[in-house]
Trainee: 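Please see the structure below; I have some questions.
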Amino acid sequence: MDQQGMVKKRLAVLVGCNYPNTRNELHGCINDVLAMKETILSRFGFKQDDIEVLTDEPESKVKPTGANIKAALRRMVDKAQAGSGDILFFHYSGHGTRIPSVKSAHPFKQDEAIVPCDFNLITDVDFRELVNQLPKGTSFTMISDSCHSGGLIDKEKEQIGPSSVSSNISPAIETTNKTITSRALPFKAVLDHLSSLTGITTSDIGTHLLELFGRDAGLKFRLPAMDLMDLLETMTAREKHVDSGILMSGCQADETSADVGVGNGKAYGAFSNAIQRVLNENEGAMKNKQLVMMARDVLERLGFHQHPCLYCSDQNADATFLSQP
């Protein structure tokens, strides 16, 4: 309970996209979120009925499309109550990509996005809008085990990023019976896939997304550039002093995250596996920044060339991961 005696809810949306039987197939993403589900049930006080899992297994009735993921996140936000201290958690494992920025001030900048199973991209602006809709006093923790995931919540403050000091541990990666696949989809691959569906010849990805998904397309593609800039400025002003978003990214914005296949064993995401290792080796409550730095150390020891990052307010950097009971 919080200080007012309200019952604190713990709500989660867990998404794993393996893209089975496609040229973009991964193998560890569904395993990642199923492992995380067991962890939050057994350690962090979440209840089965408050966890929504979306995967693209052939038998899944509800696939992790862009619209379905955003709908699940909206349902989670709608359940949260102001002043309750509710804990909201989103774990995504799958492909990530970078797209040309539509922000006029950054004509050569690229923006980050995740790639749902139907390629209806969810961008950093969509996650910023979600965080801004959170009731006061709640928190939203996002783990994204995907490529180019640094900065996936637009305007979020960097706490651990490219400038963070490396521990310079000598890598000792075990390659025997392991297959390493990047969880990155280059912009051209995304564009070519969407073009094959629309039959339209243009390099403007927004045109394809609007043609295929209409109002279910991301905010960045539905608003004219100037309206989008005005919206972002309003969002930034409103959340300048209070921000409930916490992003733990599997890598920096310019890096890729690894999908690891292990012979006949279970495949996994390198970052998700590092998080699990750290939690298994440390039973007590951990600060968000501790968890990310220790996951960095695990990946470095294992020889992975990716650097998890943390984006959140100063207060949330020192807050306990998922408010462990």
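What you see is a predicted model; the values in this text were computed from it and never measured.
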Trainee: Any donor-acceptor pair under 3.5 Å linking the side-chain atoms of Asp32 with those of Ser93?
Mentor: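 Yes, a side-chain donor-acceptor pair sits under 3.5 Å.
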Trainee: Got a sec, which pairs hit salt bridge (charged side-chain N to carboxylate O under 4.0 Å, His left out) with one end in residues 268-289, sequence neighbours left out?
Mentor: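 Listed by first then second residue: Lys289-Asp318.
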Trainee: Strictly by side chain to side chain donor-acceptor pair (under 3.5 Å), give each pair with a member in residues 60-70 just once, sequence neighbours left out.
Mentor: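 For residues 60-70: Thr55-Ser60, Thr65-Asn68.
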Trainee: Can a donor-acceptor pair be found between the side chains of Asp145 and Ser272 at a distance below 3.5 Å?
Mentor: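 Yes, Ser272 and Asp145 have a side-chain donor paired with an acceptor closer than 3.5 Å.
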Trainee: In terms of side-chain geometry, is the basic nitrogen of Lys220 or Asp124 positioned less than 4.0 Å from the acidic oxygen of its partner?
Mentor: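 The answer is yes: the pair qualifies as a salt bridge.
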Trainee: Verify side-chain contact (heavy atoms from CB on, under 4.5 Å) between Ile246 and Phe321, making sure each step is shown before the conclusion.
Mentor: CA-CA 10 Å; Ile246 303 165; Phe321 176 62; over 6 Å; no
Trainee: Do Ser313 and Asp243 pair up side chain to side chain, a donor and an acceptor below 3.5 Å, judged on atom types alone?
Mentor: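 The answer is no; no qualifying pair exists.
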Trainee: Listed by chain and number, what are the salt bridge (charged side-chain N to carboxylate O under 4.0 Å, His left out) partners of Asp78, not counting sequence neighbours?
Mentor: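 Result, salt bridge (charged side-chain N to carboxylate O under 4.0 Å, His left out) vs Asp78: none returned.
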Trainee: Show, in sequence, the C-alpha distance, side-chain angles and deciding distance for Phe127 and Phe90, and conclude whether the side-chain contact (heavy atoms from CB on, under 4.5 Å) test is met.
Mentor: CA-CA 11 Å; Phe127 289 116; Phe90 174 50; 3.7 Å; yes
Trainee: Which atom names give the shortest non-hydrogen contact between Leu191 and Thr202, and what distance separates them?
Mentor: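 Leu191 and Thr202 have their closest heavy atoms at CD1-O, 3.8 Å.
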Trainee: Could you list the residues that satisfy side chain to side chain donor-acceptor pair (under 3.5 Å) with Asn273, not counting sequence neighbours?
Mentor: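 For Asn273, no residue satisfies side chain to side chain donor-acceptor pair (under 3.5 Å) once neighbours in sequence are set aside.
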Trainee: What residues form a side chain to side chain contact (heavy atoms under 4.5 Å, CB included) with Ala274, not counting sequence neighbours?
Mentor: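 Per chain and number, Ala274 pairs via side chain to side chain contact (heavy atoms under 4.5 Å, CB included) with Ala295, Val298, Leu299.
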Trainee: Using the salt bridge (charged side-chain N to carboxylate O under 4.0 Å, His left out) criterion, which residues pair with Asp126? Sequence neighbours excluded.
Mentor: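 Once residues adjacent in sequence are excluded, Asp126 has no partner under the salt bridge (charged side-chain N to carboxylate O under 4.0 Å, His left out) criterion.
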Trainee: Enumerate the residue pairs fulfilling ring-ring contact (aromatic ring centres under 6.0 Å, His included) with a member in residues 14-38, sequence neighbours excluded, ordered by first and then second residue.
Mentor: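 Sorted pair list: Tyr19-His95.
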Trainee: What pairs meet the ring-ring contact (aromatic ring centres under 6.0 Å, His included) rule with one or both residues in residues 49-69, with sequence neighbours excluded?
Mentor: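 Matches after skipping sequence neighbours: none remain.
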Trainee: Taking Pro186's backbone N and O only, do any of them form a donor-acceptor pair with Arg98's side chain (distance below 3.5 Å, no angle check)?
Mentor: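 Not a single qualifying donor-acceptor pair exists.
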Trainee: Please name the pair of heavy atoms, one in Val15 and one in Val33, separated by the smallest distance, quoted to 0.1 Å.
Mentor: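 Nearest pair, atom of Val15 first, then Val33: O-CG1, 3.2 Å.
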Trainee: Mind checking side chain to side chain donor-acceptor pair (under 3.5 Å) for Asp259 and listing every partner two or more places apart, or none if nothing turns up?
Mentor: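 Once residues adjacent in sequence are excluded, the partners of Asp259 under the side chain to side chain donor-acceptor pair (under 3.5 Å) criterion are Arg183.
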Trainee: About how many Å separate NZ of Lys37 and OG of Ser42, when rounded to the nearest 0.5 Å?
Mentor: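 It is 12.0 Å, given to the nearest 0.5 Å.
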Trainee: So which heavy atom on Ala184 is nearest to which on His148, and how close?
Mentor: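 Result for this residue pair: CB-NE2, 4.1 Å.
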Trainee: Going through the distances and angles, do Lys8 and Arg10 end up as a side-chain contact (heavy atoms from CB on, under 4.5 Å)?
Mentor: CA-CA 7 Å; Lys8 180 185 293 187; Arg10 295 173 178 272; 4.3 Å; yes
Trainee: Would you mind listing every ring-ring contact (aromatic ring centres under 6.0 Å, His included) that reaches into residues 182-208, with sequence neighbours excluded?
Mentor: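 Output for this query lists Phe119-His193.
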Trainee: Once salt bridge (charged side-chain N to carboxylate O under 4.0 Å, His left out) is applied, do any residues pair with Lys157, and if so which ones, sequence neighbours excluded?
Mentor: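 With neighbours one apart ignored, the set is Asp314.
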Trainee: Centroid-to-centroid, Phe304 to Phe271, below 6.0 Å?
Mentor: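 For Phe304 and Phe271, the ring centres are not under 6.0 Å apart.
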Trainee: Would you sort out whether Leu279 and Thr39 count as a side-chain contact (heavy atoms from CB on, under 4.5 Å), showing the intermediate values?
Mentor: CA-CA 9 Å; Leu279 292 175; Thr39 297; 4.0 Å; yes
Trainee: Under a 3.5 Å cutoff, is there a donor and acceptor pairing between the side chains of Asp86 and Ser84?
Mentor: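 Per modelled atom types, Asp86 and Ser84 side chains form a pair under 3.5 Å.
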Trainee: Going by salt bridge (charged side-chain N to carboxylate O under 4.0 Å, His left out), name the residues that satisfy it together with Glu255, two or more places apart in sequence or in a different chain.
Mentor: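 Listed in chain order: nothing, the list is empty.
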Trainee: Salt-bridge test for Asp154 and Arg128: reply yes if a basic N is under 4.0 Å from a carboxylate O, no otherwise.
Mentor: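 So Asp154 does not pair with Arg128 through a salt bridge.
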Trainee: Inspect the surroundings of CG in Asp49 and state if more than 12 heavy atoms from other residues, nucleotides or ligands are less than 6.0 Å away.
Mentor: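 Atom CG in Asp49 is not packed in, count stays at 12 or less.
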